[in-house]
Amino acid sequence: MDGGWFKEWNQGRCFIIKIKPGEKLRERLVDFARESGVKSAVIMSAVGSVRNAFFRGIKAGAKRPITVPRMRQHTIEGPLEMLGLEGNIISTDDGDIDCHLHIILGNSSGEVFGGHMFDAEVFASCEIVLTEMVVQGVGRQLSKSTGTPTIYINEE
């Protein structure tokens with residue numbers, strides 16, 4: 001079953017999240033979702049700085065499914081300015097919380113890096129504005145065709 005390709009959602013609660021220096025960005029977002037009861041959300045805005053950023057990019061010429069040999073992983077010590085963070089929080093079929101995040105980072109000489117973020121440690125500050133998505137029948141599942149966890153939309 002392929003599932004649907006779009007679904008309407010309503011805006012739920014809106015939050016401002018402050019993550020302190022030394023804390024792991026992804027870990028704190030998962031903690032937030034669990035403590036607040038948020039099952040689905042979208043990041044509206046994020047600013048701050050990070051260090052020890054761990055992210056990946058897909059290698060040029062890669063084919064699907066996206067497997068480890070088809071990705072290039074990066075760790076940058078930093079500190080780095082967080083120029084952008086976007087993504088979503090979606091519950092998995094088993095009720096766990098999954099954050100799909102992409103980050104854009106800049107160093108002191110103006111070079112910019114980015115990709116699918118695995119994690120990063122907040123350096124000086126991190127402020128995230130997040131909106132809850134009120135929606136039923138949406139979850140995260142591993143896609144056999146892409147090899148990555150993706151949103152699954154139940155057509156019912």
Side-chain angles (χ1 to χ4, degrees), residues 1-19 23-59 62-76 78 80-106 112-122 126-155:
M1 175 184 248
D2 290 335
W5 65 282
F6 71 90
K7 188 156 202 158
E8 184 175 349
W9 62 274
N10 293 308
Q11 181 175 321
R13 300 171 290 168
C14 298
F15 298 90
I16 297 173
I17 302 165
K18 180 178 176 182
I19 303 176
E23 294 183 324
K24 298 283 190 169
L25 205 152
R26 174 184 289 278
E27 182 179 309
R28 292 304 288 155
L29 282 174
V30 170
D31 290 346
F32 155 79
R34 287 187 180 128
E35 290 178 27
S36 66
V38 167
K39 301 292 182 206
S40 300
V42 62
I43 293 174
M44 305 300 290
S45 170
V47 294
S49 58
V50 299
R51 60 184 306 262
N52 300 320
F54 179 43
F55 59 97
R56 71 146 168 88
I58 301 170
K59 290 181 180 178
K63 306 222 181 319
R64 293 183 311 262
I66 303 167
T67 58
V68 173
R70 295 175 177 162
M71 294 182 264
R72 178 162 292 138
Q73 295 185 357
H74 308 275
T75 301
I76 303 178
L80 305 154
E81 287 289 337
M82 187 169 62
L83 306 174
L85 177 71
E86 61 182 0
N88 54 56
I89 297 171
I90 304 286
S91 295
T92 61
D93 284 345
D94 60 6
D96 200 14
I97 302 296
D98 184 69
C99 298
H100 185 171
L101 304 170
H102 287 206
I103 194 165
I104 303 168
L105 303 165
V112 176
F113 310 91
H116 174 89
M117 188 189 85
F118 295 115
D119 214 342
E121 178 186 324
V122 172
C126 179
E127 303 161 358
I128 297 174
V129 176
L130 181 140
T131 298
E132 180 180 36
M133 294 188 291
V134 179
V135 62
Q136 299 295 317
V138 174
R140 177 115 35 230
Q141 295 180 350
L142 183 63
S143 167
K144 292 177 185 169
S145 64
T146 66
T148 60
T150 59
I151 290 177
Y152 178 79
I153 300 172
N154 187 335
E155 293 184 271

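Annotation for R64: atom CZ does not count as buried by contact number, only 12 or fewer foreign heavy atoms lying within 6.0 Å. Within 6.0 Å of the NZ atom in K18, the count of heavy atoms belonging to other residues, nucleotides or ligands does not exceed 12.
Atom CZ of F55 and atom CG of D119 lie 13.0 Å apart (nearest 0.5 Å). Atom-to-atom distance recorded for M133:CE and Q11:CD is 11.0 Å, nearest 0.5 angstrom. The CD atom of E86 sits 11.5 Å away from atom OG of S45, with the distance rounded to the nearest 0.5 Å. In this structure, NE2 on H100 lies 5.0 Å from NE2 on H116, to the nearest 0.5 angstrom. Rounding to the nearest 0.5 Å gives a distance of 10.0 Å between CD of E27 and CD1 of I19. A distance of 7.5 Å separates CZ in F15 from CG in L130, rounded to the nearest 0.5 Å.
Considering only residues two or more places apart in sequence or on other chains, T92 meets the side-chain contact (heavy atoms from CB on, under 4.5 Å) condition with D94, D96, D98, R140.
Of the possible polar contacts, one joining the K7 side chain to the N154 backbone as a donor-acceptor pair under 3.5 Å is found.
Residues V135 and S40 come closest through the heavy atom pair CG1-OG, 4.2 Å. Here the shortest heavy-atom pairing between C126 and L25 reads SG-CD1, 4.0 Å. Closest of all the heavy-atom pairs between A46 and L85 is CB-CB, 3.6 Å. Closest non-hydrogen pair, A120 versus A53, comes out as CB-CA, 3.9 Å.
Taking the side chain as every heavy atom from C-beta outward, I103 and M82 approach each other to under 4.5 Å. Side chains of R70 and K59 form no contact here, defined as non-hydrogen atoms less than 4.5 Å apart. At least one side-chain heavy atom of S91 sits less than 4.5 Å from a side-chain heavy atom of I97. With contacts defined as side-chain heavy-atom distances shorter than 4.5 Å, the pair D31/R28 qualifies. For the pair V38 and R13, the minimum side-chain heavy-atom distance is below 4.5 Å.
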Show, in sequence, the C-alpha distance, side-chain angles and deciding distance for F32 and I128, and conclude whether the side chain to side chain contact (heavy atoms under 4.5 Å, CB included) test is met.
CA-CA 11 Å; F32 155 79; I128 297 174; over 6 Å; no
Verdict with reasoning, R26 to L29, per side chain to side chain contact (heavy atoms under 4.5 Å, CB included):
CA-CA 5 Å; R26 174 184 289 278; L29 282 174; 5.7 Å; no
Go through it in stages, so that I can follow the logic: the residues are C99 and V30, the test is side chain to side chain contact (heavy atoms under 4.5 Å, CB included), and I'd like the CA-CA distance, side-chain angles, deciding distance and then a yes or no.
CA-CA 7 Å; C99 298; V30 170; 3.8 Å; yes
